[in-house]
Amino acid sequence: MLIIDCHIHSTGSESIDTILKGMDSAGVDKAIIFSPYPSEMRRTDIFPKPKSGVTRYMEFSYPDVTVEKQREVIEFIASLQKEAPDRVIGFVWLEPRLKDAVQILEWAVTSKEVRGVKMIPDHWYPYDEFMYPVYEKAEKLGIPILFHSGILFGFKDSSRFCRPVNYEVLLSFPDLRFALAHISWPWVDECIALWGRFRSYTIRELGRSREDIRMFIDITPGTPLIYRRNALQKLIAYGAEDYMLFGTDCRADRIEYAKQHIERDTSILRQIIGVSEETVRKIMGRNALRFLDMKL
Ligand SMILES: [Zn+2]
């Protein structure tokens with residue numbers, strides 16, 4: 001069975017050997033790996049040390065977020081991908097408020113072959129107008145965006161910016177493929193309802209087919225185990241099985257831990273929910289190929 005992990009973080013110091021060893025030991029065929037956030041890079045952690053005091057709307061949670069750093073993390077993820085292009089799918093963790101973010105994104109995709117974008121709203125809203133050019137560019141480049149959604153461990157008091165319904169604005173960018181991570185936990189129902197909104201919009205208002213829905217749901221935990229079975233069950237019952245993406249939130253130097261995630265999710269799907277093998281295959285890997293617009 002093809003396994004694609006759609007949610008792996010890098011810190012900027014991993015070697016391709018460690019990454020591939022972890023993937024092999026877990027049985028992960030391909031991994032979407034995010035570049036580090038373009039703040040002062042800390043070699044041991046995904047999140048840098050936050051600024052002290054209150055963070056206001058549009059202010060940064062972390063110090064020294066710069067264009068130079070943004071380019072540097074793109075170079076890093078692009079070089080990892082280049083060393084194992086059939087295994088590593090490089091996504092840039094983009095800070096969209098940086099000057100020239102749109103041009104940097106274009107450079108990342110056209111010159112560095114980065115395959116997608118990861119973003120976390122840090123004291124900005126996904127529907128803020130300054131975001132429109134970023135969405136337009138990603139839509140034009142044909143690359144997907146994976147957004148954090150749900151409670152946020154990091155970026156100070158930013159969870160409210162990451163509520164699923166904040167992403168409804170993406171109805172206005174009908175060719176942009178995107179995913180909300182963590183089934184937006186604890187706002188799982190809101191996430192599923194938003195997916196329903198995109199389904200209905202695609203079919204009724206755009207007159208497109210069911211296969212053309214652009215919203216995907218990254219099922220990376222997030223959801224603590226007691227919520228997980230219920231969340232996955234709801235997604236499947238609501239008809240989203242073609243849009244669910246398996247992911248782990250592992251660090252790139254510890255992908256071996258993905259093994260437990262694979263075992264847990266496949267057994268919830270098979271034994272507790274009782275879905276078909278075909279559905280398991282979609283969720284564990286096949287759906288991600290569509291999210292990435294990739295053929296095997
Ligand atoms: Zn994550």
Side-chain angles (χ1 to χ4, degrees), residues 3-14 19 22-23 26 28 30-39 41-50 61-62 65 73-74 76-77 80-81 88-96 114-124 126 144-164 166-167 178-188 191 215-225 227-228 231 244-262 264-265 288 291-292:
I3 307 269
I4 301 181
D5 185 333
C6 81
H7 197 128
I8 300 275
H9 285 272
S10 70
T11 60
S13 59
E14 295 85 354
I19 291 172
M23 288 174 71
V28 171
K30 294 176 192 292
I32 294 179
I33 303 185
F34 310 139
S35 78
Y37 183 65
S39 177
M41 229 188 277
R42 297 218 324 191
R43 301 269 161 182
T44 50
D45 223 333
I46 291 165
F47 293 116
K49 197 172 171 329
S61 291
Y62 296 122
V65 182
V73 298
I74 290 168
F76 172 74
I77 202 65
L80 274 186
Q81 178 179 259
V88 170
I89 299 157
F91 271 39
V92 48
W93 187 344
L94 185 71
E95 174 45 74
V114 161
R115 315 273 282 277
V117 178
K118 149 85 171 180
M119 281 193 273
I120 297 187
D122 170 22
H123 295 80
W124 52 268
I145 303 179
L146 196 149
F147 293 98
H148 175 85
S149 184
I151 194 86
L152 180 53
F153 301 97
F155 288 95
K156 301 179 77 179
D157 58 328
S158 247
S159 298
R160 68 185 176 282
F161 300 97
C162 305
R163 285 197 71 134
N166 295 344
Y167 295 99
F178 71 100
L180 299 193
H182 312 296
I183 328 177
S184 306
W185 187 78
W187 302 304
V188 168
C191 177
M215 177 177 168
F216 289 74
I217 297 150
D218 163 8
I219 64 170
T220 296
T223 47
L225 200 51
Y227 296 87
R228 191 157 184 77
M244 294 160 68
L245 309 174
F246 168 75
T248 64
D249 228 347
C250 281
R251 285 174 44 159
D253 57 357
R254 297 185 197 154
I255 303 183
E256 56 275 16
Y257 291 114
K259 193 174 167 55
Q260 283 102 288
H261 290 262
I262 295 169
R264 181 201 57 224
D265 282 354
F291 174 63
L292 293 160

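Indexing begins at 1, ligand by ligand and atom by atom, following the structure's order. One-based numbering along the sequence shown. Because the structure is predicted, anything quoted here is derived from the model rather than measured.
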Is a side-chain N or O of D5 found less than 3.5 angstrom from the main chain of T248, in a donor-acceptor match?
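Yes.
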Are the side chain of H182 and the backbone N or O of S149 linked by a donor-acceptor pair below 3.5 Å?
no
The atom name of the N, O or S atom in H9 nearest to the Zn ion (ligand 1) is NE2
If I consider every N, O or S atom in D249, which one ends up closest to the Zn ion (ligand 1)? I only need its name.
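Output for this pair reads OD1.
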Is any NZ, NE, NH1 or NH2 atom of the basic residue among D122 and K156 found under 4.0 Å from an Asp or Glu carboxylate oxygen of the other?
no
Side chains of H261 and D249: any donor to acceptor distance under 3.5 Å?
no
For a distance under 2.8 Å, tell me if H7 has an N/O/S atom near the Zn ion (ligand 1).
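Yes, within the cut-off.
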